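All remarks here apply to the structure that follows.
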There are 2 protein chains.
Amino acid sequence: MRHANAQLQHDRRDVILSAAQRLFARMGFHQTTMQQICAAAGMSPGNLYRYFPSKEAIIAGIAERDRADVASQFASVENAPDFFATFAVLAHHHFVERTADEVGLCAEIMSESRRNPAIARIMNEFDKDVIARLKSMLRAAAERGEISRDIDFDAVVSMLMVIADGVWWRRAVEPNFDAKSVLPLFMDITRYMLLGGGAANSAGEKSK
Amino acid sequence: MRHANAQLQHDRRDVILSAAQRLFARMGFHQTTMQQICAAAGMSPGNLYRYFPSKEAIIAGIAERDRADVASQFASVENAPDFFATFAVLAHHHFVERTADEVGLCAEIMSESRRNPAIARIMNEFDKDVIARLKSMLRAAAERGEISRDIDFDAVVSMLMVIADGVWWRRAVEPNFDAKSVLPLFMDITRYMLLGGGAANSAGEKSK
DNA sequence: CCGGTAAGAGCGAACGTTCATTCTCTTTTA
DNA sequence: TAAAAGAGAATGAACGTTCGCTCTTACCGG
């Protein structure tokens, strides 16, 4: 008898995820209806539900897919020789080249993760992954003598994450925010933190 | 012959706003039902609708009220003599002392402002206000010679806003994020940007 | 190679629930 | 006593999900 076509299933899931992604980024999860997703994916509700058991599953699917995407971006520059040049490229990618839809979707995911444990879990793993990769980049650069060794890596990475979040939220909330114009100062601050030019290397001291 | 009691009206509106605020911060606007707000405010739907014409009006009311709150916080330290000490206090207030509910609510408002023009307008005015106050603080400090004059104030203020947003989002998304531990590095970076110790004073050059 | 067929793929109306809002009514008070 | 203040059931629209159905196609016995 006939058996399920795995390739087709994969393609359909992809079409649905992409359609939903665009809608979610623009209208938010709870403002997007299944009917809209169906229309955008060119599919009836009955059929769509053969690929995802619920709206939540679609949200989770998107979060997961995006996570893989960013992870691969990171992996591609993992152990480049020149830290600051590599970091600048990474920052430009992340701050400037990401589309408004990607930024918007991330905003929705973060927002949703505040009350959806499944999303929170995915986002948390994602964060942990990024933090680990950043730290490994810094450690490697320190080994090579590109940056100071006497630095509180945890504090610096934490601050980098904070700034990255901040830039994305500015972009998400203020559509004509010029992310490119903060890049020079961002790189400058990063250099300051990593070269230990000031008190940065003692900044991470835990209080108390 | 009986006439409306203005004091009572004001009180009732306040009770409703406070009840809604708590719920919104924890569950988000669209996950909070009018019934829940009614229950929390100790009031029937029929009566509540005498004070607010719609759910949206409650959201807008909260956004407006919070705006006034933060504005007054700023105003209270407007022209203190010691810039860095004042700024440290402000940062501590904003990063550490704000409750999880306040942070959560802000997250919801930012998220909502992405598609609700009325909220977007309020948030935008709020941002403009904060930016103006920060700039005026910096200008005053520069006059007094506390910070360098050769600085791109726009770029620095922009970065400060970015970091502030970032910290709040970390807090909103990661409940046990220790905002206090980033304060030293934050103040250090601020000092670096404002004292023009490095290339910071040229960082704001517009590219192209 | 060739129908026949059973399961896959797809459709869209209908269901049941949820929820913002309204309506009608009672209670309170200047 | 008339309007304000309040109550809570009712309404109607919106929306996620399901159900019963048709169409399509890979496989198998002949």
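Each chain gets a letter, A, B and so on, in the order the sequences are listed, and its residues count up from 1. The shown structure was predicted, so the numbers you read here are calculated from the model rather than taken from an experiment.
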Salt bridge (charged side-chain N to carboxylate O under 4.0 Å, His left out) evaluation trace for A:Arg98 with A:Asp69: CA-CA 12 Å; A:Arg98 291 282 176 190; A:Asp69 179 53; 3.4 Å; yes
Any side-chain donor near an acceptor of the partner, A:Arg50 and A:Asn47, under 3.5 Å: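 A:Asn47 and A:Arg50 do have a side-chain donor-acceptor pair below 3.5 Å.
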Proximity to DNA chain D (any heavy atom under 4.0 Å), residues of residues 19-27 of chain A only: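 Heavy-atom cutoff 4.0 Å gives no residues at all.
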Whether B:Trp168 and B:His94 hold their rings parallel, tilted or perpendicular, with breakpoints at 30° and 60°: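 Rings of B:Trp168 and B:His94: parallel, under 30°.
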Shortest non-hydrogen contact from B:Ile37 toward B:Ala19: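 Residues B:Ile37 and B:Ala19, closest heavy atoms: O-CB, 4.3 Å.
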Smallest separation among heavy atoms of B:Met159 and A:Ile163, with atom names: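 The pair with the smallest heavy-atom distance is SD-CG2, 4.2 Å.
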Nucleic acid footprint by protein, nucleotides 9-21 of chain C - heavy-atom cut-off 4.0 Å, B for base, S for sugar-phosphate alone: BBBB------SSB
side-chain hydrogen bond (donor to acceptor under 3.5 Å, both in side chains) against A:Gln7, all qualifying residues, sequence neighbours excluded: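 Here the qualifying residues are A:Asp11.
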Lys/Arg N to Asp/Glu carboxylate O, A:Arg171 vs B:Asp165, below 4.0 Å: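 Judged by the 4.0 Å cut-off on N to carboxylate O distance, A:Arg171 and B:Asp165 do not form a salt bridge.
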